[in-house]
2 protein chains.
Amino acid sequence: MTDRAIPEATVARLPVYLRALVEMAEASVGTTSSGELALAAGVNSAKVRKDLSYLGSYGTRGVGYDVAYLIHQVRRELGLTQHWPVLIAGAGNLGHALANYKGFSERGFGIVALVDNDPAKVGTRVGRLRIEPVEAMERIVRREEVAIGVICTPAGSAQSVAERMVAAGIRSILNFAPAVIVVPEHVSVRKVDLAIELQILGYYEQRKAVLADLAVGH
Amino acid sequence: MTDRAIPEATVARLPVYLRALVEMAEASVGTTSSGELALAAGVNSAKVRKDLSYLGSYGTRGVGYDVAYLIHQVRRELGLTQHWPVLIAGAGNLGHALANYKGFSERGFGIVALVDNDPAKVGTRVGRLRIEPVEAMERIVRREEVAIGVICTPAGSAQSVAERMVAAGIRSILNFAPAVIVVPEHVSVRKVDLAIELQILGYYEQRKAVLADLAVGH
DNA sequence: TGGTGTGAAACTTTTCACAGCT
DNA sequence: AGCTGTGAAAAGTTTCACACCA
């Protein structure tokens, strides 16, 4: 396994496996199997084995995987051995919630700054952070070596904030604004659109109702 | 196009097209093309045409799509002609932020209740809502005809809350807790894990660094 | 002329099934 | 005896390319 290309679908599942493995380690489980891990991650065992095989042959036939060793390997592959300073743009409800979210810093993603373009908000405190003006972004990114930017602004400001982030040197963006943002090729973007998630659920919910109607013979 | 099976990947993109179309309509754009829509949705035009073709043949060759008519068709397909009452479990930072989020109600997903198991929180107000005890869930779901449940609790409570939701009659769940939840087959679950999104970005960020090193000849 | 609708090709992801090792 | 690792098959998704038609 000397090739360094892990399928996207696998990359998206590795953090799920990692979380399950860490829980096992905390419960003093020393060894696990693809079946057990699959159960904890909500997938099937063939997928677990295939996914882990992209990292290398870290299991033992007839036995399974050493939990601690596998944690180490998944961490290394995901780049979690280093820490990733994060900047959040937009100090509305969501920005606040994310700035206070424990799950980020626990996993090495420390929020180092929160910026907003509303002068009334600048200077106020959110946890340990003081809200800074958007203009300070470039300076902060350089000083704190920010790698990842999170956009929590309204849709209308998302593109300009993204451009500012890119200009400041950020190469990875997590976009919560309900808007498509366009960035240069070397910048990675992932988007989370809360309303869209509900709409997708709505579609399947409606389908269930329609199918139930058909079954009844409507 | 009498077959009623739209690929999952397409379903996930329809809300994105819808948002772009609504913006066009608001800007008084009467007609659009797959290329224009693709640009606004951040995909390519072949994908737009293929996706829309699953809904039916609603375009006109040489001309494009009528924006208002297409909005209607996408809305109908997604089941957005009806409204979907939503219940949120967990009134922490995220639960608060979601309860106040305008984007939901704007799209027909009204938050009708917010429940929490912390007696200190029960009774306090969040916007127009009063936080209710978890025990009230069954009654609320029946009374308000809740279709969708959103889990914003800590990981440890996610499974029990999910079970409570299912017992109360909810068949669609959006899970923000960093935990895998197990539900009966007839229940749809989508999960949004904020820390996982950052970990995925971290992976690609790290890759860029490694590749850059290689290019320099390290 | 210009843009849709769609088969067919290319690619990605999932699942199967079993050889091979402990 | 049991569980990994992995080719090969199957399923799903994206892209291509062009016939067709307003």
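Letters A, B, ... mirror the listed sequences (proteins, then strands); counts begin at 1.
The distance from atom OH of B:Y69 to atom C1' of C:dT4 is 15 Å, rounded to the nearest whole Å. In this structure, A:D51 atom CG and D:dG5 atom P are separated by 12 Å, rounded to whole Å. Protein atom CD of B:E8 is 6 Å distant from nucleotide atom P of D:dT13, rounded to whole Å. In this structure, B:L52 places its CG atom 8 Å from P of C:dG5, rounding to the nearest Å. For B:I6 and D:dT14, the CD1 to C1' distance is 17 Å, given to the nearest whole Å.
Taking the ring-ring contact (aromatic ring centres under 6.0 Å, His included) definition, one finds that A:Y203 meets it with nothing, sequence neighbours left out. By the side-chain hydrogen bond (donor to acceptor under 3.5 Å, both in side chains) test, A:E163 pairs with A:Q159, sequence neighbours left out. A:S157 pairs by the side-chain hydrogen bond (donor to acceptor under 3.5 Å, both in side chains) definition with nothing, not counting sequence neighbours. Applying the side-chain hydrogen bond (donor to acceptor under 3.5 Å, both in side chains) test to A:R142 and every residue at least two apart in sequence or in another chain returns nothing. In this structure, the salt bridge (charged side-chain N to carboxylate O under 4.0 Å, His left out) partners of B:E205, at least two apart in sequence or on a different chain, are A:R171, B:K208. Under the side-chain contact (heavy atoms from CB on, under 4.5 Å) criterion, B:A177 pairs with B:I151, B:T153, B:A158, B:N175, sequence neighbours left out. Judged as a side-chain hydrogen bond (donor to acceptor under 3.5 Å, both in side chains), and not counting sequence neighbours, A:R61 has no contacts.
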Reading 5' to 3' through nucleotides 15-22 of chain D, protein heavy-atom contacts under 4.0 Å coded B for base, S for sugar-phosphate only, - for none: B-B-BBBS
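Sorted pairs that involve residues 21-33 of chain A and meet salt bridge (Lys or Arg N to Asp or Glu O under 4.0 Å), not counting sequence neighbours, are lacking altogether. Among residue pairs with one or both ends in residues 82-101 of chain A, none qualify as side-chain hydrogen bond (donor to acceptor under 3.5 Å, both in side chains); sequence neighbours excluded.
The shortest side-chain heavy-atom distance between A:S34 and A:L52 does not fall under the 4.5 Å cut-off.
Within the 4.0 Å cut-off from OP1 or OP2 of C:dG2, not a single side-chain nitrogen or oxygen of B:Y65 is found.
Applying a 4.0 Å cut-off to non-hydrogen atoms, none of the residues of residues 11-20 of chain B approaches DNA chain C. If you check residues 27-41 of chain B against DNA chain D, you find no residue with a heavy atom closer than 4.0 Å.
Listed for the B:R190 side chain is no donor-acceptor partner under 3.5 Å among the backbone atoms of A:I200.
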